[in-house]
Amino acid sequence: MQKAQLLDATYTDNEERSIIQLYLYNKEKGEFWLKDNKFRPYLYASCNDDVENKIKYLKGYTFGSEDVFKVENVTLTKLKANDETILKVTFDKVSHLIQVRKELGDLGFGKYEHDIPFWKRYLIDTDLEPGNWVTYEAKKEQIIKIEKLDGEFSVPTVAFDIETWAGKKFGIGLEEITMSATVDGKRSRIVSHNTKKIRGLEIVDNEEQLIKIIEEELNKYPIIVTYNGDNFDLPYVKDRAKKAGIDFEINGRRIKSKRKGMDNAVELYGKQHIDAYQVMRFLQRTGSVNIVKLDLENVSEKVFGIKKEKVTPSEGNNAWKTGVGLARFVDYNKKDAEVTLQIVKDFLPLFIEISKLTSQTLQTSTRASTSMMVEDLLVKESFKRGVLVPNKPKENEVRVRINNPIKGAFVKEPLAGLHENISVLDFASLYPSIIISHNISPETVNCSHKECEQNKSPDGTIFCTKKKGLFPEILGKMLSQRLKLKAEYKKKKKEGTDDKILFAKQWALKIVLNSAYGYLGYGRARWYSRECASATTAWARQYIHQTNDQAKESGFDVLYTDTDSCFILMNDKKQKDVENFLDKVNGELPGSMELEFDGYYKRGIFVTKKEGGAAKKRYALMDEKENLKIVGFEYVRRDWCNLAKETQRKVIELVLKDGEPEKAATYVRGVIKDLKEGKVPKKELTIITMMKRKPEDYDSIGPHVAAAKKAIAKGVDIGVGSLLSFIITKRGNTISEKALLEEFVEEGNYDSNYYIKNQILPAVIKIIRELGYTEEDLIQGGKQAGLGTWS
DNA sequence: TAATTCGCTAGACCGA
DNA sequence: TCGGTCTAGCGAA
C-alpha cells in the first residue's frame, strides 16, 4: 500500500465509460493521477406501484438519437420517500444519466440525487476526503483498493501576482503584462521585459517570454495561490496569451473561467487554484475578520500587522517605462505575492478541515458559501445513515418560503443611561444546543408518538424523542468534538505551543455549527424546514425570557438582553452570587445547553433613540482594565467618516473612564473648531459605502450613488460590490449633489456645516446627552456647572 | 450564486 | 419649507 494526499477528483470519458480520476501528491512521486473504473454514475428513481414491471421497463429503456443507449442496471433499494419505492439506476456514462434524468418525469418516475456531480458521488460513497491522505494499491494508473487515511495535509504551494500597464481603460487583457512575481516561501522569481536591469529582477525579451515563465513556474506546484486570480490575474494571462497566439496551459489544459453569479472562478484541472481574496471574503462574511477594504495593503496591516506600501498604477507605469523607482515597483510586486502566500499559510488549514468535513476539493471549499458547506455535510451524512437526500426546491417554492419569514430572536429594550457593575452572561452556541436538546430535525417533526408530546416547542410543533434526528446527530457530534479540540488547543497553548491546525479544526466546526440554523430557514435549502427554524427561535425566546425572570428572582436587575446574552446589574451582589445563579440556571437546563459567564464590566452606557426609547444593539462597556467594548455605534460602522468615529470613541472614553463629560464637551468643541477652520485632512472625512446594485437600479439616489454616477461619467470603472469613498464638498444644494468620490476632491474642499451637523454631532450627542448635555452646549460655550456630574 | 431575523439611522422622495 | 414615509446600508446576534 502507498500513501498520498488527495487534491482533486474528476472524471474522463472513454468509448464505453465515464471513469473517475483522482489527482494526488506525495513526496516520492510528486503529482499524479489515479483512475477508478469500478465506479458508475447513478441516480434514484421513485415509483409507487407495479414495481416489478417498472424495473423491467427501465432495464430495457433505450435513449439517444444517433447512437442508442441503455441504462446499465436497475436495482431495488431499501430507501424510502413518502412510501414510494426507490430504484437505483446506474449508467455507463455521466452524459447518459443527464439524458435519462430529463425523461424520467415523463416516464412516470420521480427522481432523487440526480444532481449530485459524479466526482462528488464518488468521494461520498468511498469516504475519501480532499485535504486528507489516502492509502492505495494500484496497478499502472488503475486503483485496486483505496481508503481514507487521516494525516496532516501539506503540499508545495506557489503564490503569483502580475502587474500590468495601466491604460485609460481598465479591463481584462487590454494592456501589456509588465511584471510577474512567483514566490513559494523559499524561492522567488520576479520577471519583467523592456525595462532597466536591476538586482533581483529577471529581464526577458518580451511579454510572450514572460507568460511562458509564468506557465513554467506555476506548473511546478500542486497548489497555486493568487489574490483575485479568479477575476484578474489568471483570466488576464489567458487573454494576453491568446492575443499573442501562444499557449498558456496549467496541467496540460487551457484554463477555464466558471461564472459564479456576478464574478468568475478559475478552477484548475487536478492542481488547486486558491484565490486568497475569496478566502478573505469568506472570513469577512463569517465575521472571522473585520477589515474595511479587502485590498492587500489593508489585509497585510490588519491581519499580519505589517505595513505595506501601495504603488499606484501611474507610479507603476512610470517605474517600468523610465526605470525610476523600479526597485520599489519590483518590491511591491513581490510583496503582493508574499502576502498572498501568507494568507494561505494562515488560513488554508481552516479550509482543509472544511474540505474534509464536506468532501469538497480545496478550490471548491474556498469558494463555497456556508449554506453549501452545511448541505454538503448533510449529503455526506445522509449516505452514511442510508437515507435519501431531499431534492432542491423549485423556484416557485423558493419564492413562497422567502415571502414567509420566520419569527426570530427576542431583544429587550435596555435601560438607558450610565450603569456600573455589569455582568454579561450568554448561552454557549444557543441555536445548535437547542436543536440538539430538543431533537429538532426535518424528519422528527410531528411524529405520532404519545410520549413525544412533552417535547413540544413554544410555537406548537412536536419533535420526536424516540429516534435521533439527522441535524441533532450531526450537530451533537460536531459540538462535542469542538469542545474537545478547544480544550486540547488551550492545554497546548498553556504549555507553550500554538497549534494552528487544532485551532483551525475547531474553527471549521464553529462555522458550520453556527450556519445550521440559518440553513434550516434558507429558502433554497434541500433540508429547509419552517417548523424547525421557527421552533428553534421560539425555544430561544423562551429560554432567554426564563433567564431574565430567574435573574430578577435572584436579586439582579436585567439591564439588557439580545438573543442569547443577558446583561445583569450586580447591585450589591458579588461574583460568587453570579456563579451561584449560573449553577442554578444550568441545573435546570437540558444537557447540551449552558449559560456561561462572559465578562464583567465596571461601567457601561446605553443611549436613547432619536424618537425616544432606549436603543437596542448599541452600547459601550468598559472592563476592569479600562478596555472599551463599543457595539453597534457609529464607531464600528464603515459608513461614517473617521473624524466622527474617532471623536465618538474619545467621548465614550472620557465619559466611561474618567466620568468627565465637560472634558468630552471641550474635546468636541475643539473638533468643531478645526472643521470650521478647514483644517481637517480629507482622509478623515471620507465616508465608505458599498454600491450594492447597478446605478440605474436605484429608486432613491443617495450620496454614494450620486458620487458614483459623476465618477462613471468621467470614465471610472465602478461595478456592483465596489466600495465607494466619498466626501461631502462645498458645491451643490442637496447632500447628494455635494457628494464626490474622494479621488476628485481637493484638500480643504469639504462642507464643514455638513460634517458638524450630520457627522460629529449625531455621533456624540446621544452619548453626552445621557449626562445632561444638549447640542447647544457643544456648539456654543460651556456647560453650567452641576448638570454634568453623575454618581 | 445567495445562511437567518432584529434593529438603527440617514437621506431621498413626495405631497401639502 | 416642512413633516411623514420609504429606500438603503450596515451592524448584532
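Proteins get letters first, then strands, A, B, ... in listed order; numbering begins at 1 in each.
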How long is the line joining [atom1] of [X] and [atom2] of [N], in whole Å?
X	N	atom1	atom2	result
A:I406	B:dA3	CD1	P	15 Å
A:D376	B:dT1	CG	C1'	14 Å
A:K616	B:dT9	NZ	C1'	15 Å
A:R401	B:dT5	CZ	P	13 Å
A:I735	B:dC13	CD1	C1'	13 Å
A:K609	B:dT9	NZ	C1'	11 Å
A:F726	B:dA10	CZ	P	13 Å

Counting only non-hydrogen atoms, which of residues 760-769 of chain A are less than 4.0 Å from DNA chain B?
A:P762, A:K766
Between [X] and [Y] (salt bridge meaning N to carboxylate O under 4.0 Å), is one present in this structure?
X	Y	answer
A:K730	A:D751	no
A:K766	A:E634	yes
A:K477	A:E381	yes
A:R367	A:D230	yes

Of the options A:Y601, A:Y635, A:F567, which is the one that meets A:Y619 in a ring pair (Phe, Tyr, Trp, His ring centres under 6.0 Å)?
A:F567
What N/O pairs connect the protein and nucleotides 9-13 of chain C at under 3.5 Å? Give each pair on its own line.
residue : atom : partner : partner atom : Å
C:dG9   : OP1  : A:Y698  : OH           : 2.5
C:dG9   : OP1  : A:H704  : NE2          : 3.2
C:dG9   : N2   : A:R637  : NH2          : 3.2
C:dC10  : OP1  : A:R638  : NE           : 3.0
C:dC10  : OP1  : A:R638  : NH2          : 2.7
C:dC10  : OP1  : A:M690  : N            : 3.0
C:dC10  : OP2  : A:R638  : NH2          : 3.3
C:dC10  : O4'  : A:R637  : NH2          : 3.1
C:dC10  : O2   : A:R637  : NH1          : 3.2
C:dG11  : OP1  : A:V636  : O            : 3.3
C:dG11  : OP1  : A:R638  : N            : 3.1
C:dA12  : OP1  : A:G632  : N            : 3.1
C:dA12  : N3   : A:K617  : NZ           : 3.3
C:dA13  : OP1  : A:Y619  : OH           : 2.8
C:dA13  : O3'  : A:D564  : OD1          : 2.2
C:dA13  : O3'  : A:D564  : OD2          : 3.3

Of all the nucleotides listed (B:dA3, B:dC6, B:dG11), which has the minimum atom distance to the side chain of A:Y522?
B:dA3
Given B:dC13, B:dA2, B:dC8, which nucleotide is nearest the side-chain atoms of A:S700?
B:dC13
Using the ring centroid of each side chain, check whether A:Y519 and A:Y528 are separated by less than 6.0 Å.
no
Pi-cation contact, A:Y698 with A:R693 (under 6.0 Å, within 45°):
yes
Please state the C1' separation for the pair C:dA12 and B:dA3 - nearest whole angstrom.
16 Å
Check nucleotides 14-16 of chain B against the protein and report each pair of N or O atoms closer than 3.5 Å, with its distance, or say if there are none.
none

[N] OP1/OP2 closer than 4.0 Å to side-chain N/O of [X]:
X	N	value
A:Y528	B:dT4	no
A:S369	B:dA3	yes
A:N758	B:dG11	yes

